[in-house]
> 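Take a look at the following structure, please.
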Amino acid sequence: MLLALLVVLTARVAAQEPNALDAGSKALAAGDLATAEALFGRYLKSHPHSAEALSNLAAVHARREQFPEAVALYERALGANPKLTPVHFNIAVAYIRTADYASAATHLRAFLKAYPGEARAHQLLGICLVETGEFEKAIRELEVSLKQDSRDPSVRFSLAYAHARAGNTERAEEILKGLRLAPAQTLLIEAELERRRERYPEAREKFEQVVRLDPQNAAALAAIGRLNLLDNNEAEAVRYLERALAANPRDAESTYQLGVLYDRAGQTFKGIDFLKRALTLRAAYPDPHYHLGRIALREKHYSEALGELQTAAGLLPENDAIRLALGRTYQALGRPADAQREFAEVRKLKAAAVRKQQQSVEAERLMIPEGEPRP
């Protein structure tokens, strides 16, 4: 009799479990997050690898803006069922909300392989690539998004900002024509255009206006920090870059620049920590490798310097500063042939730069109409 009762109870629980998943989905759709969480949790106790329950529970956390928890659950859902392609989009949005743009970009690319016509995914990928400093790739994604949905002003803003960051001021201004934006958005692009034209006081004024309107605007805070670097005001640069990093902890460029500044200020261990952190935030980032190599060379840790500088040179082979430091490292290691090879490459790169500058000057001279003064 007892065995029969247990069998009946088990059958009832088994019959109820699918209903818990369905009921949880209905509660989630109705906005009853507490009930949805309880039902999905109940279902997962007996089905811990249910991708559907895991992704739905992740959605509950995302609605509550508990994004790290949502990310962890979405990752488990994808681990349970890698074919749940739409989850890549959801987890990308959660990663964006945690400012992890590199991880978001990875998931958006996976989503777009299956859904290449999704304009919103192209836009989000473009935004992520702007944040990771990959401006040309960002522009390509945003152009696709704009082609698929030309009415969305947010896409045009993102595209104009990407062009401004990439240095194409004419294209940025062309996109902005007739576009109605919030004051902070307009000022941010105008400030970036001024910076690209090397009108630094005007750029600073506009970036500061952005910060007055939006005190947590990480892009404007970082830009002011970099303008202070140009003025050799390193204390103010550190202050603004720290504020930028507080607003966006996954800003690889600000993390790198703070690492350099901390090292200059004599806080080398802190600087190294920030430089290494920058390498975790952006793939194939040569600058932190170069500076880590310089520090190691200065501290006479030659083997460590060699590894960092070889990596930097592999990523940026035509940078004469990297090749010069690499040559000096070979020299310190007692490898004169390798050192001479790098020094010869430095001379070749510098000569090429001089020729390019001369050609640019000659081209400008040819463009000046007859009768006008020449430089």
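Just the heavy atoms: all of them, side chains too, but no hydrogens, waters or symmetry mates, feed the values below.
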> Step by step, would you call Glu190 with Glu202 a side-chain contact (heavy atoms from CB on, under 4.5 Å)?
CA-CA 9 Å; Glu190 289 177 353; Glu202 293 83 354; over 6 Å; no
> Could you go step by step and tell me if Asp263 and Leu275 meet the side-chain contact (heavy atoms from CB on, under 4.5 Å) rule?
CA-CA 10 Å; Asp263 176 52; Leu275 292 167; 5.7 Å; no
> Indicate the atoms forming the closest heavy-atom contact of Gly327 with Glu342, along with that distance.
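Here Gly327 and Glu342 meet closest at CA-CB, 3.6 Å.
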> Got Glu131 and Asn248 here, is their nearest side-chain heavy-atom distance under 4.5 Å?
yes
> Assess the residue pair Leu108 and Cys128 against the criterion (side-chain contact (heavy atoms from CB on, under 4.5 Å)); give the C-alpha distance rounded to whole Å, side-chain angles, the decisive distance to 0.1 Å, and a yes or no.
CA-CA 9 Å; Leu108 287 166; Cys128 290; 4.1 Å; yes
> Would you call Ile96 and Tyr101 a side-chain contact if the rule is heavy atoms closer than 4.5 Å?
yes
> Nearest 0.5 Å please: distance from the CG atom of Leu258 over to the CZ atom of Arg277.
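One finds 9.5 Å between CG of Leu258 and CZ of Arg277.
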> With rounding to the nearest 0.5 angstrom, report the CD to CG distance, Gln185 to Leu213.
11.0 Å
> Report yes if some heavy atom in the side chain of Leu326 is under 4.5 Å from a heavy atom in the side chain of Leu306; otherwise report no.
yes
> Atom CZ of Phe89 and atom CG of Leu125: how far apart are they, to the nearest 0.5 Å?
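Here the rounded value is 11.0 Å.
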> Indicate yes or no: at least one non-hydrogen side-chain atom of Leu142 is less than 4.5 angstrom from one of Gln123.
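Counting from C-beta outward, Leu142 and Gln123 do come under 4.5 Å.
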> Roughly how far, to the nearest 0.5 Å, is the CG atom of Leu187 from the CD atom of Glu208?
12.0 Å
> Hey, are the side chains of His163 and Glu192 touching, using non-hydrogen atoms and a 4.5 Å cut-off?
no
> Could Arg226 and Glu253 be called an ion pair, given the rule that one side-chain N must be under 4.0 Å from one carboxylate O?
yes
> Say whether Thr255 and Arg250, considering side chains only, have a donor N or O and an acceptor N or O under 3.5 Å apart.
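The answer is no; no qualifying pair exists.
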> Look at Lys206 together with Glu194 and state whether they make a salt bridge at an N to O cut-off of under 4.0 Å.
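Salt bridge absent between Lys206 and Glu194.
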> Identify the heavy atoms of Ala164 and Leu193 that sit nearest to each other, and give their distance.
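What the structure gives for the nearest pair is CB-CD2, 3.8 Å.
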> Any donor and acceptor pair, going by atom type alone, linking the side chain of Ser25 with main-chain N or O of Leu21 inside 3.5 Å?
yes
> Side-chain heavy atoms nearer than 4.5 Å, only ILVMFWY residues, links allowed to pass through others: does that put Ile127 and Val71 together?
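Shared cluster, no.
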> For Asp22, is there an ion pair with Lys26 - N to carboxylate O distance below 4.0 angstrom?
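Result for this pair is no, no salt bridge flagged.
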> Please answer: with hydrophobic residues joined when any side-chain heavy atoms are less than 4.5 Å apart, are Tyr43 and Leu33 in the same cluster?
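Yes; tracing contacts between hydrophobic side chains, which count when under 4.5 Å, links both residues.
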> Is there a side-chain contact between Leu349 and Arg347 (heavy atoms, below 4.5 Å)?
no
> Closest heavy-atom contact between Leu221 and Pro215?
CD1-O, 3.7 Å
> Would you say Leu229 ends up clustered with Tyr200 if hydrophobic residues are merged whenever their side chains have heavy atoms under 4.5 Å apart, either directly or through other cluster members?
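No, no single cluster joins them.
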> Assess whether atom CZ of Arg109 is packed by more than 12 heavy atoms of other residues, nucleotides or ligands within 6.0 Å.
yes
> Donor-acceptor check, side chain of Asp273 to backbone of Phe269, threshold 3.5 angstrom: yes or no?
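Pair absent, no side-chain N/O of Asp273 close to backbone of Phe269.
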> Taking all non-hydrogen atoms of both residues, which atom of Val93 and which atom of Leu124 are closest, and how far apart?
CG2-CD1, 4.1 Å
> Could you verify whether a donor N or O on one side chain and an acceptor N or O on the other, from Gln209 and Arg212, lie under 3.5 Å apart?
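Absent: no donor and acceptor within the cut-off.
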> Would one find more than 12 heavy atoms of other residues, nucleotides or ligands at under 6.0 Å from atom CZ of Arg328?
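Counting other residues, nucleotides and ligands, CZ of Arg328 stays at 12 neighbours or fewer.
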> With a 4.5 Å cut-off on side-chain heavy-atom distances among I, L, V, M, F, W and Y, is there a chain of contacts connecting Phe40 to Val87?
no
> Under a 3.5 Å distance rule, please check whether Arg63 uses its side chain to pair with a backbone N or O of Leu28 as donor and acceptor.
yes
> Check for me, please, whether Ile322 and Val260 land in the same ILVMFWY cluster - side-chain distances under 4.5 Å, paths through other members count.
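Looking at the clustering, Val260 is in a separate group from Ile322.
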> Taking NZ, NE, NH1 and NH2 as the nitrogens, is one of them in Arg140 or Glu143 under 4.0 Å from a carboxylate oxygen of the other?
no
> List the steps and the verdict of side-chain contact (heavy atoms from CB on, under 4.5 Å) for Tyr95 and Ile91.
CA-CA 6 Å; Tyr95 269 124; Ile91 193 173; 3.6 Å; yes
> Flag yes if more than 12 heavy atoms outside Glu318 fall under 6.0 Å of its CD atom; otherwise flag no.
no
> Compare every heavy atom of Ala20 with every heavy atom of Leu39, then report the nearest pair and how far apart it is.
CB-O, 3.5 Å
> Do the side chains of His107 and Tyr74 get nearer than 4.5 Å, heavy atoms only?
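No - every pair of side-chain heavy atoms lies 4.5 Å or more apart.
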> Ignoring hydrogens and geometry, is there a side-chain-to-backbone donor-acceptor pair from Arg156 to Ile175 under 3.5 Å?
yes
> Can you tell if the side chain of Arg294 reaches within under 4.5 Å of the side chain of Leu297, non-hydrogen atoms only?
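They are not in contact (no side-chain heavy atoms under 4.5 Å apart), so the answer is no.
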> Under the ring pair (Phe, Tyr, Trp, His ring centres under 6.0 Å) rule, what pairs show up with a residue in residues 277-318, not counting sequence neighbours?
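For residues 277-318, and leaving out neighbouring residues, the ring pair (Phe, Tyr, Trp, His ring centres under 6.0 Å) pairs sorted by first residue read Tyr256-Tyr285.
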> Taking all non-hydrogen atoms of both residues into account, name the closest pair between Leu188 and Ala219 and its distance.
CD1-CB, 4.3 Å
> Would Arg204 count as a cation-pi partner of Phe207, with NZ or CZ less than 6.0 Å from the six-membered ring centre and within 45° of the ring normal?
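Not flagged: Arg204 not positioned over aromatic ring of Phe207.
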> Can you measure from CG (Leu146) to CD1 (Ile139) and round to the nearest 0.5 angstrom?
12.5 Å
> For Arg341, is there an ion pair with Asp338 - N to carboxylate O distance below 4.0 angstrom?
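Arg341 and Asp338: salt-bridged.
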